Amino acid sequence: MNRFTKAAVLGLVLATAAPLVAEAQSRGDRRENRREYREDRRDDRQDFRRERRDDRRDWRNGEYDNRREFRQDRRDDRRDFREERRDDRQDFRRDQRWDRDNRDWWRGRADFRDYRGARSGYWYAPSYGYYRVEPRYYNQRWSRGGYLPSAYRSYYVRDPYTYGLRPAPRGYRYVHAGNDIVMIAIATGLIASVLSGAY
């Protein structure tokens, strides 16, 4: 082989080998770059998870504190509301209760809104209104041990406390009978007690 041929073959080998060497180098670089990229991504993901975990922990702690404060505030508000309502009820009852010395104690009460005083031949029951009465019972004086006629037993006293009465025992009810309030046995109508001249 002459020198020219050797040089041509050598040039051809070098020309072919150089891109292969460069390609091998670039493959190694790419592999290295990919490895670095994966490691960077893994690190980024770990950092992201760590930050998210910290954020969630902070949010939970903050949210838990907010919820605890909200519940405490709501509990306080309910307690205040109940106390105010209890005070209002006591004031109302004090102002609206029956007073034997005050003949106009009933004025302004919703259950007496259609009351216009005594009417001949009628009785008045708060919250029920006027109802006709047999003439023989119109000026009836009720006494303990007597019986209230069945026609007049359905006009129950809605709030005994208004008249300063204790709740009726089991089997008894307070009933409006004219201007009186009588406690009767529900089954028989037997009068157990009488509050005369309630209004």
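When a residue number appears, it is its place in the shown sequence, counting from 1. Model, not experiment: these values are computed from the prediction. Side-chain atoms are counted along with the backbone in the values below, which use heavy atoms only and exclude waters and symmetry mates.
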J.: With sequence neighbours left out, what residues match Arg52 under side chain to side chain contact (heavy atoms under 4.5 Å, CB included)?
T.: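 Side chain to side chain contact (heavy atoms under 4.5 Å, CB included) check on Arg52 returns Phe48, Arg56.
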J.: Looking at Trp142 and Val182, what are the two nearest heavy atoms and their distance?
T.: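 Smallest interatomic distance, heavy atoms only, reads CB-CG1, 3.9 Å.
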J.: Using the ring of Tyr128 (Phe, Tyr or Trp, six-membered ring only), decide whether Arg158 places NZ or CZ under 6.0 Å from its centre and within 45 degrees of its axis.
T.: yes
J.: Got a second to check how far Arg34's CZ is from Glu36's CD, nearest 0.5 Å?
T.: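 Interatomic distance, Arg34 CZ to Glu36 CD, rounded to 0.5 Å: 12.5 Å.
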J.: Quick check: does any side chain N or O of Arg153 sit under 3.5 Å from a backbone N or O of Leu148, one acting as donor and the other as acceptor?
T.: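 Pair found, side chain donor or acceptor close to backbone of Leu148.
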J.: So, are Arg35 and Glu32 salt-bridged, with charged N and O less than 4.0 Å apart?
T.: yes
J.: Ring centres under 6.0 Å, that's the criterion: do Tyr152 and Trp123 meet it?
T.: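 So the answer is yes for these two rings.
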J.: To the nearest 0.5 Å, what is the distance between CG on Leu195 and CG on Asp180?
T.: 7.5 Å
J.: Which residue is it: Tyr124, Tyr155, Tyr122? I am looking for the one with a side chain to side chain contact (heavy atoms under 4.5 Å, CB included) to Tyr131.
T.: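 Among Tyr124, Tyr155, Tyr122, the one meeting side chain to side chain contact (heavy atoms under 4.5 Å, CB included) with Tyr131 is Tyr155.
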J.: Can you name the nearest heavy-atom pair linking Val133 to Tyr138, along with the distance?
T.: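 So the two residues come closest at CG1-N, 4.2 Å.
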J.: Can you name the nearest heavy-atom pair linking Val194 to Ser196, along with the distance?
T.: CG1-OG, 3.7 Å
J.: Measure the shortest side-chain to side-chain distance between Ile181 and His176 over non-hydrogen atoms and say whether it is less than 4.5 angstrom.
T.: yes
J.: Mark yes or no for whether Tyr174, through its side chain, and Arg166, through its backbone, hold a donor-acceptor pair below 3.5 Å.
T.: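 At least one qualifying donor-acceptor pair exists.
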J.: Whether the side chain of Arg173 engages the backbone of Ser154 through a donor-acceptor N/O pair (distance < 3.5 Å, no angle test) should be reported.
T.: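 It does not hold such a pair.
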J.: Would the number of heavy atoms belonging to other residues, nucleotides or ligands and lying under 6.0 Å from OH of Tyr156 be above 12?
T.: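 Counting other residues, nucleotides and ligands, OH of Tyr156 exceeds 12 neighbours.
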J.: Please name all residues satisfying side chain to side chain donor-acceptor pair (under 3.5 Å) with Arg49, sequence neighbours left out, ordered by chain then number.
T.: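 Once residues adjacent in sequence are excluded, Arg49 has no partner under the side chain to side chain donor-acceptor pair (under 3.5 Å) criterion.
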J.: Within the supplied structure, the quantity of interest is the number of heavy atoms (other residues, nucleotides, ligands) at a distance under 6.0 Å from Tyr37 OH; does it exceed 12?
T.: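 Atom OH in Tyr37 is not crowded, with 12 or fewer foreign heavy atoms closer than 6.0 Å.
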J.: Between Tyr130 (side chain) and Arg116 (backbone), is there a donor-acceptor pair under 3.5 Å?
T.: yes
J.: Should Arg41 and Asp44 count as an ion pair when the cut-off is N to O under 4.0 Å?
T.: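 Judged by the 4.0 Å cut-off on N to carboxylate O distance, Arg41 and Asp44 do not form a salt bridge.
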J.: Backbone N or O of Ala192 within a donor-acceptor pair of the Arg144 side chain at under 3.5 Å?
T.: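 Yes, Arg144 side chain to Ala192 backbone: donor-acceptor pair under 3.5 Å.
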J.: Crowded around Arg45 CZ? As in, over 12 foreign heavy atoms under 6.0 Å?
T.: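 Check passes, neighbour count above 12.
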J.: Give, for atom CZ of Arg42 and atom CG of Asp47, the distance between the pair rounded to the nearest 0.5 Å.
T.: 12.5 Å
